Number of protein chains: 2
Amino acid sequence: MVGRLATGAARPPRVPGLAKIIDPQVKKSYGLPMGRPKQFDPDVAVGKAMDVFWRKGYAATTPQDLVDELGIGKGSLYNAFGSKHALFERALERYRDTQSLALVELLDQPGPVRPLLRSAMELLIETDLGPSGRRGCFAVNTATELGGRDEVSTGLVQRMFERTEGAFREAVERGQRTGEFAPDRDADAAASLLLATLVGMRVIARAQGGRERLGRIVDAALAAL
Amino acid sequence: MVGRLATGAARPPRVPGLAKIIDPQVKKSYGLPMGRPKQFDPDVAVGKAMDVFWRKGYAATTPQDLVDELGIGKGSLYNAFGSKHALFERALERYRDTQSLALVELLDQPGPVRPLLRSAMELLIETDLGPSGRRGCFAVNTATELGGRDEVSTGLVQRMFERTEGAFREAVERGQRTGEFAPDRDADAAASLLLATLVGMRVIARAQGGRERLGRIVDAALAAL
DNA sequence: CATATTTTGTACCTATAGGTAAAGAAAGAA
DNA sequence: TTCTTTCTTTACCTATAGGTACAAAATATG
């Protein structure tokens, strides 16, 4: 028994399921035993999951939907993501880091503010009505489906709303400094109004989908500034 | 055989399931045989169903939820309403005929328009955040859950939105006639903006539920008129 | 009272939700 | 080549969704 310990460099004790804790890439750099590599790209899979949840919502999306759309087996799905809810969180974070971020970055660009706001809202109209179908805004859809009933999702949506509102506020303040907007306007109030208008517009886009009405909202929102 | 036909007033042929076609009250007035009366009030039941669907959405509401909240057996439930979806339609129609109608009627009242708009929006904030919990607007929730995926529900929501927008437009035009608003403003555009703002505000109410932010939206929306 | 009809309660049904278990495949390390 | 690990596949599991079927109860009429 003791002899086993003495025969050269003993292997470290086995810890099954280590991949859940230590990233495989990190393990590799330490020369620890590797496992079978994934046959799919988890980042791509999360993107596809985002599309499904965005279109159908959380409750209406079934494991079978995910298996079909991600193109992987159910075992791989649950091995990689743990649960439907965990995958939903990943999908919502992906939305935040792509779609929601893109809006904020667009609003942060220099130059005249009014055309910037117009192009931002028109971009979103096209996104909502685009070739992927009338799906609206994933954050808005999640707010109305899970708001107040799912802490994690609600928190993610709240922070997206706040960041967007902040970007609007900064844009308005920029416009005030350059003389584009009246300097006595309350930038906070204007930003809250812009956020509410944008959110409402995206709900209406999902319900009605008519470009003429949506365009009128954009015109009126900009005229109100 | 022929004798049967001759013996006095023959009963009409039996048609089981007649109650689905002919209202029991009408049958009664014709002296036709009655069945066992309902032990519950269907109107009350639809009201309770509205509350459940409003809070949880369509997909997340189960038959068991309905049985629990309506306080009737599953047999009675399906006998009276046919299917979950049919009951959902009844619930949405009830919302239209109570909540949505109340808003339109409020907006139709005479008098100064600006305080009317303010009290309307503040009423909705209280409804959304009220003692029944942070449930937002049933029509908005349905728009984002089923918009474009359920023809009947989407149509109901569209018509509610259009009726509300129309009430806003008439209020604005009234304000223009009395000199409260500039007569050169586009009343259609103003109404579309008010609708979008209101809808967005109710989404934010469901996601965040803070009265200060919602109040700021109301202030800014009225200041923009 | 028997009859016709409807509601109700209970039992039952099929399909699927949302996973879990276990065996074999695929990789690097020793 | 064997060992260790992770991934994949297939099979399996329990609970419930969303109803349906049927017998018994409740009503009105003849």
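Keep in mind that what you see is a predicted model, and the values were worked out from it rather than measured. Letters A, B, ... mirror the listed sequences (proteins, then strands); counts begin at 1.
- Atom P of nucleotide D/dG19 and atom CD1 of B/Ile72 are separated by 14 Å, given to the nearest angstrom.
- Proximity of the aromatic rings of A/Phe81 and A/Phe88 is defined here by a centroid distance below 6.0 angstrom, and this criterion is not met.
- Closest approach to the A/Gln64 side chain among D/dC7, C/dA17, D/dG18 is made by C/dA17 (side chain taken as heavy atoms from C-beta onward).
- Closest to the A/Pro37 side chain, of the nucleotides C/dG18, C/dT7, C/dA27, is C/dA27.
- Residue order along DNA chain C, read from the 5' end via each residue's closest nucleotide, puts A/Ala59 first among A/Gly75 and A/Ala59.
- In this structure the side chain of B/Gln99 never reaches within 4.5 angstrom of the side chain of B/Met160, judged on heavy atoms.
- A/Ser192 and B/Arg216 share a donor-acceptor pair across their side chains, judged by distance under 3.5 Å alone.
- Each of D/dC7, D/dA17, C/dT7 was ranked by its minimum atom distance to the side chain of A/Arg36; first place goes to D/dC7.
- The distance from atom CG of B/Asn79 to atom P of D/dC22 is 15 Å, rounded to the nearest whole Å.
- The distance from atom CG of A/Leu77 to atom P of C/dG18 is 12 Å, rounded to the nearest whole Å.
- Distances were taken from every side-chain heavy atom of B/Lys74 (C-beta onward) to each of D/dG18, C/dA17, D/dC7; the shortest belongs to D/dG18.
- Considering only side-chain atoms of A/Ser76, the nucleotide from D/dT8, C/dT8, D/dG18 that sits closest is D/dT8.
- The side chain of B/Lys84 approaches D/dG19 more closely than any other nucleotide in the set D/dA26, D/dT8, D/dG19.
- Atom pair A/Leu66:CG and C/dG19:P shows a separation of 11 Å (rounding to whole Å applied).
- What you find for A/Leu70 and A/Lys48 is that their closest heavy atoms are CD2-CB, 3.4 Å.
- With distances taken from any side-chain atom of A/Gln39 to the nucleotides D/dT8, D/dA17, C/dT8, the minimum falls on D/dT8.
- Closest to the side chain of A/Lys38, out of D/dT8, C/dT20, C/dA17, is D/dT8.
- Looking at the side chain of A/Tyr78, the nearest of the listed nucleotides D/dA17, D/dC7, C/dG19 is C/dG19.
- Between the CG atom of B/Asp41 and the P atom of C/dT8 there is a distance of 12 Å, rounded to whole Å.
- Using a 4.0 Å heavy-atom distance criterion, A/Phe81 is classed as making no nucleic acid contact.
- Rounded to whole Å, the distance from CZ on B/Phe40 to C1' on C/dT7 is 9 Å.
- Of the candidate nucleotides C/dG18, D/dT6, D/dG19, D/dG19 has the atom nearest to the side chain of B/Ser83.
- There is no side-chain donor-acceptor pair under 3.5 Å between B/Ser76 and B/Asn79.
- Phosphate contact (OP1/OP2 of D/dA17, side-chain N/O of B/Thr62, threshold under 4.0 Å): present.
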